[in-house]
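Okay, structure first, notes after.
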Amino acid sequence: MLKTLSQGGGRAGYVGRRLAMIPIGVLIVVTATFFLINAIPSDPVGARLGDLATPEQIAAERAALGLDQPLLVRFLDLLGGIFTGALGTSYYTGADVSGELLGHVTSTLVLVVPGFLLAAGLGIGLGILAARDNLSRWVRLIVTVLQGLPVFVLAVAGILLLVVLVPVLPSPTGQLDANIPAPPVRTGAVMVDAVLAARWDAMGNAVAHLVLPVLSIGLIASVPFARITASAMRSALAAEFSAFGDGNGLARRTVVRNALRTARPGIATVGGIVAAELIGGSMLIEQVFSWNGIGQWGLNAITQNDLPVVQAFVLFAAVGTMVIYLLADIVAVLLDPRTAS
Amino acid sequence: MSAPTTVTTPSIIDAPAPPPKARSTRIFRDPVILGCLGWIVFLVGWSLSGLFPHSPTVADPGVLLHAPGGGYLFGVDQDGYDVLSRTVYAAKFDVLMALSGALVAAVTGTWLGILMSSEGRLSALATRGLDVFQAVPLLVVAVAVIGLVGTSRTILVVIIAAINTPLFIRLVQAEARLVRKRGYVAVARVYGVSERTIRWRHILPNVTGVLFPQFSLSVGYAIASVGALSFLGLSEPGSASWGSMIKAGIPLLPLNQWWMVVFPSLALFTVVLAFSELSHRLQGHVEQIRGGSR
């Protein structure tokens with residue numbers, strides 16, 4: 001009893017230390033992002049004005065965008081802005097960047113969160129099945145095929161199958177059919193907006209639009225889950241405690257469930273890696289389905305040299321990755337204190 | 001397979017290596033390895049040969065969107081390019097970009113991995129730095145950099161190398177640490193051989209075995225990355241790549257014009273699969289060799 005208590009204190013201490021690192025990490029990420037974006041030779045003014053602009057026009061435009069300020073002043077502006085939640089205004093739309101960021105995040109989350117949950121469920125299930133001798137070949141085949149499949153190729157195959165050959169799903173562009181009036185925008189994600197406005201027709205259609213992207217993400221992202229679960233299950237079932245369980249006449253179910261417990265810290269770590277990769281990976285899926293989430297928003301900004309938006313996009317991805325890894329580490333430690341060392 | 005491998009007497013001074021001949025024949029008799037290699041060599045060779053049924057670079061506006069058949073086995077795309085010729089032609093760009101990126105990563109990673117295999121504060125610091133680097137969302141950063149600077153082959157190779165180098169570093173570092181514990185390294189040290197010589201003459205030759213599976217895996221991964229970047233519209237403008245062909249074809253999918261997307265997708269999928277399966281098989285052989293030599 002005493003031991004568990006002291007261990008609990010150790011865990012809390014670990015979690016506290018890790019959480020205390022967040023501000024330092026954010027500061028590093030912000031600095032790196034700012035200097036990366038601004039050190040890259042890009043020409044936002046030229047991209048806006050075209051080749052015919054006079055030097056006076058260019059100078060005026062630079063002043064209007066704040067590009068004539070010294071780098072350090074602009075950096076301090078950004079740092080101050082982060083505290084107040086202001087990330088500047090877009091060069092193109094003139095809209096507030098943090099507002100636009102929030103407007104696109106929900107659309108991406110609507111894809112990524114169900115995709116991640118599907119991946120975890122599917123992958124862990126496959127991993128457990130792989131521990132059975134008669135099924136391991138099939139699981140390995142599925143995992144091998146999915147592993148070689150780029151996510152956008154799988155999405156294309158899905159469109160071909162479920163939209164073109166067997167037309168059960170709507171045309172794979174956007175979050176809603178063009179002929180259905182969109183619900184009033186509140187979060188940016190049509191499905192959530194439809195629920196908030198109690199527009200059930202639009203919600204049904206929005207859900208149908210979600211099926212293929214979520215399925216593509218879920219299938220591809222299930223591979224790492226399947227691999228880690230299978231390998232942990234294999235070693236746990238070969239371990240003495242499993243033989244002991246079998247020998248004591250425990251049901252196979254129980255032995256498998258006990259073995260699965262040992263796989264949890266590994267699954268948590270892999271879950272962090274998968275979730276972090278989905279931030280960048282959702283760009284690909286959004287591109288296939290013309291889904292106006294954060295990836296499309298960032299990609300458009302990049303082709304337009306819209307630096308404040310690019311900066312916010314990279315910042316979001318980097319901070320998001322950092323927080324996800326951190327949470328995964330904390331969960332892994334809570335599941336198995338030995339990982340903390 | 002089950003033939004007893006020649007067990008070399010474990011010698012202290014020399015690296016315990018199996019006879020090289022046995023190793024190579026066993027690998028080249030594996031039908032899966034031959035199939036994967038054959039498909040890759042066939043596709044890239046055809047691409048390099050320049051012998052296509054139609055020109056992959058000169059469009060023929062007379063046959064836009066011609067369905068597969070009638071002299072155009074894989075059909076014609078919306079610009080008038082023959083899809084078969086262009087799919088094969090694109091192998092050159094996609095596979096060679098990936099190969100060069102993975103090669104740069106393998107060389108850099110091996111070098112750094114061996115350097116970082118030594119005990120000490122510096123290599124501990126470098127390992128910590130690697131942790132931080134691997135926490136960077138590289139696809140997002142790559143897209144931002146390429147999008148702002150404009151794309152070129154050099155940048156693509158650098159990005160592919162940056163994504164893959166940490167994998168090689170970790171692999172070689174772990175392997176080199178094992179090698180350092182072997183008797184012949186201790187003996188060499190006793191004889192006063194310099195750290196430099198130990199690194200490149202004693203450790204390097206003994207970590208190369210694990211490089212091949214990782215290299216193959218990295219090339220497959222890199223082909224998928226090149227595909228992803230060009231799918232996002234960031235490949236070199238004008239050059240044919242599978243990703244950009246798929247991107248261009250997607251809007252036509254709902255119109256039942258599937259051939260512009262299906263054939264480059266198949267090419268991308270089979271080549272990535274070939275490299276990853278090759279890696280898996282090589283891994284098996286490497287483990288077998290190491291097991292036999294221990």
Side-chain angles (χ1 to χ4, degrees), chain A residues 25 28-29 32-33 36-37 40-44 140 144-145 147-157 159-160 163-165 167 170-173 273 276-277 279-281 283-284 287-290 295 298-299 301-305 307 310-311 313-314 316-318 320-322 324-326, chain B residues 131-150 155 217 220-221 223-234 242-243 246-247 249-262 264-277 279-280:
Chain A
I28 294 174
V29 165
T33 308
L36 176 78
I37 299 293
I40 293 173
S42 65
D43 185 14
R140 193 178 118 60
T144 307
V145 168
Q147 199 182 12
L149 210 54
V151 67
F152 55 97
V153 172
L154 179 68
V156 162
I159 295 175
L160 209 58
V163 178
V164 180
L165 291 179
S171 170
T173 37
I273 295 171
E277 275 185 358
I279 294 181
M283 253 192 316
L284 295 165
Q287 174 87 347
V288 177
F289 294 96
S290 314
L299 204 60
I302 286 165
T303 50
Q304 293 171 331
N305 272 335
L307 294 190
V310 178
Q311 187 170 269
F313 174 56
V314 176
F316 171 78
T321 310
M322 197 182 73
I324 287 170
Y325 278 145
L326 199 81
Chain B
D131 288 342
V132 175
F133 182 74
Q134 282 197 290
V136 171
L138 275 174
L139 184 65
V140 172
V141 172
V143 166
V145 170
I146 296 182
L148 295 181
V149 184
I155 289 191
L217 194 66
Y221 189 43
I223 291 173
S225 311
V226 174
L229 288 171
S230 41
F231 177 73
L232 292 173
L234 299 167
W242 294 324
I246 297 170
K247 174 188 160 76
I250 283 185
L252 296 161
L253 259 188
L255 308 174
N256 227 340
Q257 286 156 340
W258 47 271
W259 53 93
M260 283 149 280
V261 161
V262 167
S265 298
L266 274 179
L268 186 56
F269 171 53
T270 52
V271 171
V272 174
L273 192 66
F275 273 108
S276 79
E277 198 47 33
S279 159
H280 188 83

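Each chain gets a letter, A, B and so on, in the order its sequence line appears, and its residues count up from 1.
Contact count versus chain A (heavy atoms, under 4.5 Å) is highest, among Leu148(B), Val272(B), Leu234(B), for Leu148(B). Of all the listed residues (Leu165(A), Val163(A), Val310(A), Leu299(A)), the one sharing the greatest number of non-hydrogen pairs under 4.5 Å with chain B is Leu299(A). Heavy-atom pairs under 4.5 Å with chain A peak, among Thr270(B), Val261(B), Leu253(B), at Leu253(B). Per-residue counts of heavy-atom pairs under 4.5 Å with chain A were compared for Ser276(B), Gly249(B), Ala142(B), Ala228(B); the largest is that of Ala228(B). With respect to chain A, the highest number of heavy-atom pairs below 4.5 Å among Phe231(B), Trp258(B), Phe269(B) belongs to Phe231(B).
Remark: Leu232(B) CG to Leu284(A) CG distance equals 5.0 Å, nearest 0.5 Å. Note that CD of Gln147(A) is 11.0 Å distant from OH of Tyr221(B), once rounded to the nearest 0.5 Å. For the atom pair CG (Leu149(A)) and CG (Leu273(B)), the distance works out to 9.0 Å, reported to the nearest 0.5 Å. Atom-to-atom distance recorded for Leu229(B):CG and Met283(A):CE is 8.0 Å, nearest 0.5 angstrom. With values rounded to the nearest 0.5 angstrom, Ile302(A) atom CD1 is found 9.5 Å from Ile146(B) atom CD1.
In this structure, chain B has no heavy atom under 4.5 Å from any part of Val151(A). The part of Ile246(B) that comes within reach of chain A is its side chain, from C-beta onward, which places non-hydrogen atoms under 4.5 angstrom from that chain. Using a 4.5 Å cut-off between heavy atoms, Ala317(A) touches chain B through backbone and side chain atoms alike. Within the 4.5 angstrom heavy-atom criterion, atoms from both the backbone and the side chain of Val140(B) approach chain A. Of the atoms belonging to Leu307(A), it is side-chain heavy atoms, and not backbone ones, that fall under 4.5 Å from chain B. Neither the backbone nor the side chain of Val271(B) comes within contact range of chain A; no heavy atom of the residue lies under 4.5 Å from a heavy atom of that chain. Contact annotation for Val141(B): only side-chain heavy atoms (C-beta onward) come within less than 4.5 Å of a heavy atom of chain A.
At a threshold of 4.5 Å between non-hydrogen side-chain atoms, the residues Ile250(B) and Phe152(A) do not count as touching. When side chains are defined from C-beta on, Ile279(A) does not count as touching Pro137(B), because their heavy atoms never get closer than 4.5 Å.
Results of the side-chain contact (heavy atoms from CB on, under 4.5 Å) test with Ser265(B) over Leu154(A), Val153(A), Leu160(A) single out Val153(A) as the only residue that passes.
Taking both residues in full, the closest heavy atoms of Ala144(B) and Val314(A) are given as CB-CG2, 3.9 Å, listed atom of the first, atom of the second, then distance.
Not a single side-chain contact (heavy atoms from CB on, under 4.5 Å) links Thr303(A) to another residue, sequence neighbours left out.
Screening residues 138-148 of chain B for side-chain hydrogen bond (donor to acceptor under 3.5 Å, both in side chains) gives no qualifying pairs among residues at least two apart or on separate chains.
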